[in-house]
Enquirer: 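Please see the structure below; I have some questions.
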Number of protein chains: 2
Amino acid sequence: MKIFYICKSQQKNMGAKITLKKIAKELGVSTSTVSKALSDSHEISVETREKVKAFAKMYNYKPNSLALRLRNQRSMVIGVIIPEIVHHFFSTVISGIEHGANERGYNVMVCFSDESYQKEVLNIEMLAGGSVDGFLVSIAKETQELSDFRHFEDLKEEVPLVLFDRVHPKINCDKVVVDDFGGGYKATEYLIKTGCKKLAIITTPDFVSVGLERKKGFLKAINDYNIAVPSEYIIQVNEKNDITAQIQKVINLPDRPDGIFAVNEIYAATAMKLAQDKGIKIPEEMSFIGFTDGYISQFSNPSLSTLAQHGHEMGEKAIELLINRIESKDSDFPFQTKVIDVDLKIRNSTKKTF
Amino acid sequence: MKIFYICKSQQKNMGAKITLKKIAKELGVSTSTVSKALSDSHEISVETREKVKAFAKMYNYKPNSLALRLRNQRSMVIGVIIPEIVHHFFSTVISGIEHGANERGYNVMVCFSDESYQKEVLNIEMLAGGSVDGFLVSIAKETQELSDFRHFEDLKEEVPLVLFDRVHPKINCDKVVVDDFGGGYKATEYLIKTGCKKLAIITTPDFVSVGLERKKGFLKAINDYNIAVPSEYIIQVNEKNDITAQIQKVINLPDRPDGIFAVNEIYAATAMKLAQDKGIKIPEEMSFIGFTDGYISQFSNPSLSTLAQHGHEMGEKAIELLINRIESKDSDFPFQTKVIDVDLKIRNSTKKTF
DNA sequence: TATTAACACGAAATCGTTTTAGTGTTACAC
DNA sequence: GTGTAACACTAAAACGATTTCGTGTTAATA
C-alpha cells in the first residue's frame, strides 16, 4: 500500500491538481466517502478515514476554493476600492482592513479607482458578480465632484457596502469617518492658543468631503475666537493645476498669515518648504499644522505638527461593520456611522507655549 | 409583455441574485437557450435573443463569476503577497501590478506577510486552492532569515510564481529585481566624486537580499577607488532594536564620516536628522544618499539625494512575466530575471560640484 | 426465523455557468 | 411521399465540492 502511494505521488506534478474525484477513483470509493472521510465523519469507518486522509496528505490535497464558494454561496472575500494606494493614510487603512478581515476568515481584494469615476464603476462591476461578499469603498474625487452615486445604489441591492473616509450623505449605508470637523477645530484652536493671530487654511475644493469638514472645523474655531479671516487666506487647491503655485500665493502675501492649517501632509510640507525658502522662521514667524501623521510629517524639518488619523483603526472598524452586516440574518438593523477620533500631535512646526 | 417585466422587476430586491436558471424559468425556455441568447448565438432566433436580452437587462443580470471561473478553470485573479503595505515603494509596485493586470483582464488580490514567515505561508495556502491563477511575491524578512522556501517549491507545482524585489537564488522562477548593486555603486561613486573621503554605509543585515546587494555595490566602489572603510563605518541595523541608537553611533564617532550611503529612506532621513541635531552642516560637512524616492526624500530638509527605484515599472514587468507564464501553453521556456534600472536623483543632501 | 438497528458507503442533487450532442419540427427538393 | 437540411431549441455533462437521502450488509433482538 505504501509503495502504491509513493508510486502515484511521483506523478503528481504531471497531471493537473488533485481533486476529490481523483482521490475517489484511485481509492475505489465514491467522492462522498472521500469528502466525509476528510471531514472526519462518523459515517465512515475509521479504517477508510485513515486511508483517505493519508492519501490526501500525500497528494497535498487542498479543496478548490472556487467550488466551495460556489456551493456555499459565499466567497469569503471582501472587495476594497480606494482612490490611490501610494498614500500613507490609505495604506494604513488597508492594513487595518486586512487585519480585521483575516481575523474573521475573510480575504481582501484591493482595487484602485485612481480618483476616477469610470474606474470606480468598472471596479465595482468587475467584483460584483459573486466575487465578493461585501464592499469597502472610499469614494473617488471625481465621483464626489460628479455627485453620481447610482453604482452604489445598484450595488447595495446585491451585497452590503460600507463607506469609509470619503463618504456622502446621499448614500444610505454604514460609514466610518475620521473626525475631520473636530480635527480642523483642534488644529485651529491650538494655533490660536499659541498666539497666532492671522490664520490661513490650505484645503481642497468643497466637493472633497473630508476637506470640507476640516474647513468647517477651522471656520468654527475662527468664529468661536472672533478672528477675522480675509478671503485670500483661504486657499482651495485645484489638483489639476500646479499645486506649488497655488500655495505660494498665500505665503507671498504682503500681509502674510502667521499660522497655517493644511488639510493634508503634502500641502503642509509644501507650504512649509516654500516659507523656509523665503527665509521665514518656523514656528516663530509662521506655524504649521497638517493632517495625517505620515512619514512626511515625521521626517520634514522641522517636523510637522499634525492630526493623527488612526487609519488602521478605521480599517478595522470598517471591516467589522461590514462583516457584521454580511453575517447578520436580519439585515435591516439601522445603518450607523462611526467616527474615529483624531489626535493632535505637536511637533516642531508650531509654538509650544500658550 | 412589457407590463409583465415591470411587474416582476419590482420583486428583484426581494429574492436573491438573478441567475440564468431563473431567467430561463420565467421565460419558459432552457438555461442553454438563455446562455446562448445572451452571447448572441445564431443558434437562437432573433426574436428569442431580443426577448432574453431585454429581460436580462431589466433584471440587471450579471453572470456569477465564481461559476464561470470554476467552469473555465481560470480565476483571472493574481495573488500578490508583500511584506508590508505602509511603505512607499511597495505601494508603487502594487500600483504597477494592478495597472498591468487590469489591462489584460486580471484582478489583483493583495495580502500582507507583515514580514512574518508564518503569515506568508498562511497567505499562500489561503490563496492557493484555485483562488488565483498565479502569484507575485516579495519575500518576508523572516523567511529570508530562516532561508526556508518549501512553501514556494510546493506552490510552483500548482501555479506560476514570480518573485519581485526580495528574491532568492535558491528559488527557481521568474524574477524582477531592482539594480541594487548598481545603485549602491552609483551612490558611492557620486559621494567619492563630490569629494567625500570617509564613507560610511547604513544597511540591513546580510540576509535581506536587497540590503546585501546594495552593500556589495558600495564595497565595489570603495575598492575601485581605493578607499579604506573602517569597520565602525559599516552599520547593519537590526530592526528588532532601537534604530536611532544604532544609527547614532556612526554619527557620534570622534572621527566621523563625511559621506553616508543609507540603503533606504528611513535610515537616510533618520541619520540626517541626527546629524543636524548635532549641528553638522549638510551637505558641506556630511553628505547623504538614500535609496527609494519616496515622500520622505522629497520632503525632508534638506531634500535627500536618492536612488529612484521605479516601483511602478517593476510591478508592470512582474505582472507581465507572470501573465505570460500563465497564458503560455508550453510552460517550460526558461526562467528569466529582469533587472530594473535605478536613477540617481541628486537633491540637496549632497554636494553638487565634482 | 423474521424484524430491526447499526454501520459503511453510494447516488444524486445542488451551486451557476458553458458547451456538446442531441431532438423535434418545418420546408424543400427529388 | 420520402429524404434531408435548416432551424430553434433542450438535455445533459462538466467544473469541484458538500449534503441529503437512500441502500445493502451484517448483527442483534424478539
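Just so you know, these numbers use all the heavy atoms, side chains as well, and skip hydrogens, waters and symmetry mates.
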Enquirer: Please report, rounded to the nearest Å, how far the P atom of dG16(D) is from the CD atom of E158(B).
Expert: 13 Å
Enquirer: Any ion pair linking K119(A) and E142(A) (charged N to carboxylate O, less than 4.0 Å)?
Expert: no
Enquirer: Heavy-atom contacts under 4.0 Å between residues 68-75 of chain B and DNA chain D, which residues?
Expert: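 Those residues are L70(B), R71(B), Q73(B).
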Enquirer: Under 4.0 Å from any heavy atom of chain B: name the first and the last nucleotide of DNA chain C that qualifies, 5' to 3'.
Expert: dC15(C) to dA21(C)
Enquirer: Please name all residues satisfying side-chain hydrogen bond (donor to acceptor under 3.5 Å, both in side chains) with D174(A), sequence neighbours left out, ordered by chain then number.
Expert: R325(A)
Enquirer: Name the residue closer to the 5' end of DNA chain C, choosing between N64(B) and E43(B) according to the nucleotide with the nearest heavy atom.
Expert: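 This one resolves to N64(B).
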Enquirer: Enter the distance from I139(B):CD1 to S147(B):OG here, rounded to the nearest 0.5 Å.
Expert: 9.0 Å
Enquirer: Looking at residues at least two apart in the chain, or sitting in another chain, which of them share a ring-ring contact (aromatic ring centres under 6.0 Å, His included) with Y117(B)?
Expert: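 By the ring-ring contact (aromatic ring centres under 6.0 Å, His included) rule, Y117(B) matches H151(B).
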Enquirer: Under a plain distance cut-off of 3.5 Å, with no hydrogens placed, do S30(B) and S32(B) share a side-chain donor-acceptor pair?
Expert: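 Looking only at side-chain atoms, S30(B) and S32(B) do form a donor-acceptor pair, the distance falling under 3.5 Å.
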Enquirer: Enter the distance from L127(A):CG to D133(A):CG here, rounded to the nearest 0.5 Å.
Expert: 11.0 Å
Enquirer: Using whole Å, what does the distance between atom P of nucleotide dA13(D) and atom CG of L20(B) come to?
Expert: 19 Å
Enquirer: Can you confirm whether N64(B) sits close enough to T19(B) that some side-chain heavy atom of one is under 4.5 Å from a side-chain heavy atom of the other?
Expert: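 Not in contact.
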Enquirer: Can you name the residues that form a ring-ring contact (aromatic ring centres under 6.0 Å, His included) with F112(B), not counting sequence neighbours?
Expert: none
Enquirer: Give, for atom CG of L161(A) and atom CG of L321(A), the distance between the pair rounded to the nearest 0.5 Å.
Expert: 11.5 Å
Enquirer: Judged by modelled atom types alone, do T48(B) and S45(B) share a side-chain donor-acceptor pair under 3.5 Å?
Expert: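 S45(B) and T48(B) do have a side-chain donor-acceptor pair below 3.5 Å.
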Enquirer: Could you check if a side-chain atom of L136(A) sits within less than 4.5 angstrom of a side-chain atom of I319(A), using non-hydrogen atoms only?
Expert: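 Yes. Closest side-chain heavy atoms under 4.5 Å.
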Enquirer: Let's see if you get this right: which residues in residues 32-41 of chain A place a heavy atom under 4.0 Å from DNA chain D?
Expert: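 Within this stretch, S32(A), S35(A), K36(A) sit under 4.0 Å of the strand.
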Enquirer: When you match T31(B) and K21(A) each to their closest nucleotide on DNA chain D, which lands nearer the 5' end?
Expert: T31(B)
Enquirer: For S30(B) and L66(A), find the nucleotide of DNA chain D closest to each by heavy atoms; which residue's nucleotide sits nearer the 5' end?
Expert: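 Of the two residues, S30(B) wins.
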